[in-house]
Amino acid sequence: MRTLVLVSHPTLDTSKANARLTAAIRDLPGVEVRHLEAIYPDSTIDVVAEPAAALSADRIVFQFPFYWYSTPPMLKRWQDDVLVFGWAYGPGGTKLAGKTLQLVLTAGGPESVYRHGGYNLYPVRELLRPLEVTAHLVGMTLAEPLVLYGVPNIPGLSVAHDPTSEIAAFAARYRALLAA
Ligand SMILES: Cc1cc2nc3c(=O)[nH]c(=O)nc-3n(C[C@H](O)[C@H](O)[C@H](O)COP(=O)(O)O)c2cc1C
């Protein structure tokens, strides 16, 4: 299985969670990691390279920090520029059909605030509905999302070096998922 991991994070160098998650899966065979903000510092997506990378994968992973209950801007731009009429949807737009979309996201809020009537009103799974519908429209199968909650509350400022941390455990789950 070939997997394309699209990492979107504007400040990955100083990230607590996503830097470690990216490091945990980078060396897996059959996995291509593309950190969008690093590849496109001027925010202009290469509309030849990105569709080609997507086309060659059986599974596409969106790895991102939850930003305003959505994806960071570069991952939204990837969707806007790559998932175009006649390619991803509409007449002849079947290029991604049959592939799997896996969402791997980190959140500032703890899981307890993501419930009906809670501080953030809804479970994360429901807030991800725009991506669920997008996957449906382009004929992809949405896998069960992986969510790491409450990142700021996870102990340790430099968890990148703490193998016992919750982030390390989540990273191991993520690696096992992509290795399967
Ligand atoms: C612009 C912005 C918007 C954010 N929006 C949310 C949000 O909607 N929900 C949430 O739980 N956390 C939100 N956060 C917190 C980030 O999701 C959190 O800091 C990140 O997942 C931690 O991962 P990192 O260590 O890789 O940066 C936001 C952070 C920023 C900077």
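Numbering of residues begins at 1 and proceeds along the displayed sequence. Each ligand, and each atom within it, is numbered from 1 in the order the structure gives. What you see below is based on every heavy atom in this structure, not just the backbone, and it leaves out hydrogens, waters and symmetry mates.
- Listed by atom number, the atoms of ligand 1 under 4.0 Å from His9 heavy atoms are 24 (P), 26 (O), 27 (O).
- A donor-acceptor pair shorter than 3.5 Å can be found between the side chains of Glu37 and Ser8.
- Looking only at atom types and distance, the side chain of Thr3 has no donor-acceptor partner in the side chain of Asp58 under 3.5 Å away.
- In terms of N/O distances under 3.5 Å, ligand 1 is approached by Asn18.
- The shortest N or O to N or O distance between Gly109 and ligand 1 is below 3.5 Å.
- Among the atoms of Pro65, none of the N or O lies under 3.5 angstrom from an N or O of ligand 1.
- For the residue pair Gln102 and Tyr174, no side-chain donor N or O sits within less than 3.5 Å of a side-chain acceptor on the partner.
- Considering only non-hydrogen protein atoms, atom 23 (O) of ligand 1 sits nearest to Thr106 OG1, 3.3 Å.
- Less than 4.0 angstrom separates atom 26 (O) of ligand 1 from at least one non-hydrogen atom of the protein.
- Residue contact check: Trp68 has heavy atoms under 4.0 Å from atoms 3 (C), 4 (C), 5 (N), 6 (C), 7 (C), 8 (O) of ligand 1.
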Item to check | Test log, rule salt bridge (charged side-chain N to carboxylate O under 4.0 Å, His left out), inputs Arg125 and Glu132 | outcome: CA-CA 9 Å; Arg125 187 65 185 76; Glu132 177 184 339; 3.1 Å; yes
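- Side chains of His9 and Gln63: no donor on one and acceptor on the other come within 3.5 Å.
- Between the side chain of Thr14 and the main chain of Thr11, a donor-acceptor pair closer than 3.5 Å is present.
- Around the CZ atom of Arg77, the shell of radius 6.0 Å holds no more than 12 heavy atoms that belong to other residues, nucleotides or ligands.
- Protein heavy atom closest to atom 30 (C) of ligand 1, with residue, atom name and distance, is Tyr67 CE1, 3.5 Å.
- The line from OH of Tyr149 to OG of Ser112 is 10.0 Å long, rounded to the nearest 0.5 Å.
- When only non-hydrogen protein atoms are considered, atom 8 (O) of ligand 1 lies nearest to Tyr69 N, 2.9 Å.
- Between Arg175 and Asp27 a salt bridge is recorded (basic side-chain N to carboxylate O distance below 4.0 Å).
- For the pair Gly108 and ligand 1, the shortest N or O to N or O distance falls below 3.5 Å.
- The closest protein non-hydrogen atom to atom 17 (O) of ligand 1 is Phe66 O, 2.8 Å.
- Atoms of ligand 1 found under 4.0 Å from any heavy atom of Ala17, numbered from 1 in the order shown, are 23 (O), 24 (P), 25 (O), 26 (O).
- Residue contacts with ligand 1 include Tyr114, since one of its heavy atoms falls under 4.0 Å from the ligand.
- Here Val151 has side-chain heavy atoms under 4.0 Å from ligand 1, and that is the only part of it that gets that close.
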